[in-house]
Amino acid sequence: MVSKKFKRVDLIFECKGCEPISVVKKALQMTPDEVISSIIESGLRGRGGAGFPTGMKWKFAKEEKSNDKYVICNADEGEPGTFKDREILDIVPNKVLSGMAICAYAIGAKEGIIYLRGEYNFLLKPLNETIDKFNNSLSKIGLDFAVYIRSGSGAYICGEETALFESMEGMRGEPRNKPPFPTKIGYNGKPTVINNVETLVYTAMIINIGVDEFKKLGTNDSRGSKVFSVSGDTPKAGIHELELGLNVADFVKEFGDGDTKAVQVGGASGFCVPRKQFNETIIGFEGIPTGGSMMVFNSTRSMYNILNDYLEFFAEESCGQCTPCRIGTQQLIKGIAAVKKGDMPSDYLDQLMKLTDTMKIASKCGLGQSVANSFSSIVTNFREEMIY
Amino acid sequence: MANTEKLVEQLVTKHGVCRNSLLPVLQGVVKEEHFLSDVAMIAIAKALDLSSADVYGTASFYSFLDTEFRGENIIRICKTITCKMKGKQKIVEVLEDHLKIKEGETTRNGKFTMLAANCLGWCHKGPVMLVNDDVYPELDPEEVVEIIEKYC
């Protein structure tokens with residue numbers, strides 16, 4: 001697989017298209033089906049991490065016959081190492097709202113909701129002011145759609161789409177079984193499109209700059225660019241929009257501190273890429289996809305401590321409804337501690353990896369399923385650090 | 001405690017009598033009273049026609065909906081790996097020393113509760129803490145006491 005060269009892009013934060021409404025007006029000149037086929041044609045995939053083709057999601061929701069449909073902006077960003085959605089909502093909220101309005105027009109929804117994590121409550125006041133103005137402008141151009149905010153209350157799992165619906169319906173944030181998918185039965189049991197903050201901005205930008213322009217960026221599997229949240233041992237911590245399809249080596253050349261030993265791509269639920277795999281690992285859907293979290297670690301860091309930190313995070317944030325995830329996360333913490341202390345032999349790590357395989361198959365949602373990603377990539381590549 | 005019941009009544013009127021209102025109502029009570037007392041949860045259950053066990057069960061799921069007594073100001077310090085790497089432990093120590101409490105505890109005068117939080121979304125500017133809804137990134141151990149004093 002050939003990777004793309006390192007290239008900075010400026011679609012999300014540039015000001016073209018952040019004037020409210022102008023992009024929406026442009027979309028209104030197209031038919032809903034034309035809007036949806038543009039998004040499908042662009043190859044855009046969800047930027048929250050799971051990477052579902054956005055246009056297909058819109059298409060499924062449009063095909064549902066219902067008087068009530070919803071567009072939900074998932075702003076429950078909580079993956080360790082991710083902070084791009086906060087910056088996007090802070091700097092270019094109008095672009096997010098435009099994306100929501102375009103989606104509403106395409107699928108025939110009248111109500112839009114931003115589910116904002118409680119940790120970002122300081123954004124409520126400015127965001128509500130922007131929303132009020134935006135809703136006003138929408139009614140002026142005759143689009144029957146309005147957006148409001150719902151706050152989260154500090155539960156990572158509510159970023160999982162069906163847990164988010166449960167939370168908005170006044171329940172514990174426990175994920176539902178899928179299928180049925182949200183486009184059929186979502187919030188309040190109605191067809192719902194739920195997209196990540198960044199995804200919604202890209203839909204607006206695709207309408208704004210055109211499908212062809214967008215498609216020039218990225219690879220076959222990973223079209224376009226992506227906002228990366230870069231943190232850890234890097235002199236350039238912050239938000240960086242890059243063309244998709246670059247390899248980790250080029251990423252490290254730009255963002256490393258000269259002593260990078262590993263990059264955690266995709267946060268606690270992502271994969272740890274060790275130095276020896278930098279060249280061959282592509283950042284994108286053909287390699288390692290990421291919701292944007294890129295944590296850079298240099299050789300002074302203990303990978304055992306990092307893994308332990310991730311596991312504690314999962315154990316705390318597991319909703320507890322399914323056994324593999326609830327018990328599995330706790331056993332993994334105890335397990336690596338026992339190996340480290342010498343209470344268990346080193347090949348016990350292989351047993352623990354089998355446990356993560358079981359969790360991957362048997363857990364109900366992405367949280368329990370993805371524990372295996374960081375666990376096996378860290379334990380396999382840094383086995384000696386787990387033992388000694 | 002009559003105040004709590006009045007507050008619940010106002011919140012329920014604002015958000016509507018339906019299950020979907022439960023979180024906004026719980027959040028509204030926490031905003032005013034910093035935690036959910038039994039009185040508050042029973043009042044909410046009554047107003048929304050739910051069992052109080054159901055209200056407690058829902059509230060206890062969410063880390064920002066405390067069902068235990070909390071101080072007037074809640075300090076949440078991010079404990080996730082990147083904030084750890086940037087020295088969050090020192091911040092915790094300074095605050096523990098200044099407030100004379102450990103993480104998870106409330107000061108005797110009921111002014112502050114100090115809690116650890118999972119990723120607060122400021123990994124490029126750690127260490128970070130929230131005081132109520134206010135965010136303080138790039139914390140310096142020498143400035144953190146000054147910040148806290150503003151809430152006294």
Side-chain angles (χ1 to χ4, degrees), chain A residues 77-87 117-125 150-158 166-174 187-188 229-234 236-239 264 267-268 293 295-297 300-301 305-306 308-310 312-313 316-317 319-320, chain B residues 15-31 36 44 48 50 54-66 74 76 78-86 88 115-138:
Chain A
E77 174 175 64
E79 188 64 47
T82 319
F83 41 89
K84 51 143 188 127
D85 292 340
R86 172 180 50 71
E87 295 264 332
R117 70 186 302 219
E119 290 84 342
Y120 294 168
N121 273 349
F122 54 86
L123 283 174
L124 280 173
K125 196 167 170 277
R150 284 288 300 265
S151 290
S153 269
Y156 165 77
I157 190 60
C158 289
E166 289 291 308
S167 171
M168 293 212 309
E169 291 175 17
M171 310 288 182
R172 295 163 66 87
E174 293 175 350
Y187 175 51
N188 285 342
S229 309
V230 184
S231 67
D233 295 312
T234 164
K236 295 179 183 171
I239 305 281
Q264 181 77 17
S293 174
M295 293 192 251
V296 186
F297 300 116
T300 67
R301 306 296 174 187
N305 286 346
I306 290 166
N308 187 57
D309 194 89
Y310 293 159
E312 281 180 358
F313 172 81
E316 258 181 50
E317 298 294 348
C319 82
Chain B
H15 296 289
V17 185
C18 64
R19 180 81 195 221
N20 285 17
S21 304
L22 181 55
L23 252 73
V25 171
L26 292 168
Q27 288 162 344
V29 173
V30 169
K31 196 173 168 62
L36 296 156
I44 293 170
L48 293 180
L50 299 168
D54 209 348
V55 173
Y56 174 79
T58 306
S60 59
F61 183 85
Y62 296 91
S63 60
F64 281 19
L65 300 176
D66 288 306
I74 301 179
R76 295 178 201 273
C78 180
K79 63 169 182 185
T80 302
I81 188 75
T82 35
C83 279
K84 252 183 215 164
M85 286 159 62
K86 301 288 175 199
K88 76 104 203 181
L115 302 170
N118 278 326
C119 192
L120 294 175
W122 290 87
C123 321
H124 58 324
K125 291 186 175 172
V128 61
M129 69 174 177
L130 285 174
V131 182
N132 309 324
D133 283 346
D134 307 329
V135 65
Y136 296 94
E138 295 182 291

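All values below were derived from every heavy atom in this structure, side-chain atoms included, with hydrogens, water molecules and symmetry-related copies excluded. Everything quoted here is computed from the prediction, not taken from an experiment.
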Highest number of heavy-atom pairs under 4.5 Å with chain B: which of A/S229, A/S167, A/G232?
A/S167

Side chains of B/I81 and A/F297, heavy atoms from C-beta outward: is any pair under 4.5 Å?
yes

Is chain B contacted by the side chain of A/Y156, its backbone, both, or neither, given a heavy-atom distance below 4.5 Å?
neither

In terms of heavy-atom pairs under 4.5 Å, which option from A/K84, A/Q264, A/R150, A/M295 contacts chain B the most?
A/R150

Close side-chain approach of A/R172 to B/S60, heavy-atom, < 4.5 Å
yes

B/T58 side, atom OG1; A/E166 side, atom CD - distance, nearest 0.5 Å
10.0 Å

How close do A/F83 and B/G121 get, heavy atom to heavy atom, and via which atoms?
CB-O, 3.0 Å

Interface moiety of A/S293 toward chain B, non-hydrogen atoms closer than 4.5 Å
neither

Does any heavy atom of chain B fall under 4.5 Å from the side chain of A/E169, the backbone, both, or neither of them?
both

Under the side-chain contact (heavy atoms from CB on, under 4.5 Å) rule, what do A/F313 and B/K79 come out as? Steps first, then yes or no, please.
CA-CA 9 Å; A/F313 172 81; B/K79 63 169 182 185; over 6 Å; no

Taking A/E312 for its side chain and B/T80 for its backbone only, find out whether a donor-acceptor pair lies under 3.5 Å.
no

Gap separating the CD atom of A/E317 from the SG atom of B/C119, nearest 0.5 angstrom:
10.0 Å

Hey, could you give me the CD/CH2 distance between A/E119 and B/W122, rounded to the nearest 0.5 Å?
12.5 Å

In terms of heavy-atom contacts, A/G238 and B/H124 come closest through N-CB, 3.5 Å

Please rank A/S231, A/G154, A/G170, A/S153 by heavy-atom pairs under 4.5 Å with chain B and give me the top one.
A/S153

So which part of A/L124 gets closer than 4.5 Å to some heavy atom of chain B, the side chain, the backbone, both or neither?
neither

Let's test your reading of the structure: which of A/R301, A/E316, A/E79 forms the most heavy-atom pairs below 4.5 Å with chain B?
A/R301

To the nearest 0.5 Å, tell me how far B/K84 NZ sits from A/I306 CD1.
10.0 Å

Please report the shortest heavy-atom distance between A/F122 and B/D133, naming the atom on each side.
CB-O, 3.4 Å

Under the 3.5 angstrom rule, does the side chain of B/Q27 hit a backbone N or O of A/S151 as a donor-acceptor pair?
yes

Is it the backbone or the side chain of A/C158 that comes under 4.5 Å from a heavy atom of chain B, or both, or neither?
side chain

Answer with side chain, backbone, both or neither: which region of A/D85 has an atom nearer than 4.5 Å to a non-hydrogen atom of chain B?
neither

A/A155 to B/F61 - nearest heavy-atom pair and separation
CB-CE2, 4.1 Å

Taking every non-hydrogen pair under 4.5 Å, which of A/G267, A/C319, A/G78, A/G320 racks up the most with chain B?
A/C319

Calculate, to the nearest 0.5 Å, the distance between atoms CG and CE belonging to A/N305 and B/M85 respectively.
11.0 Å

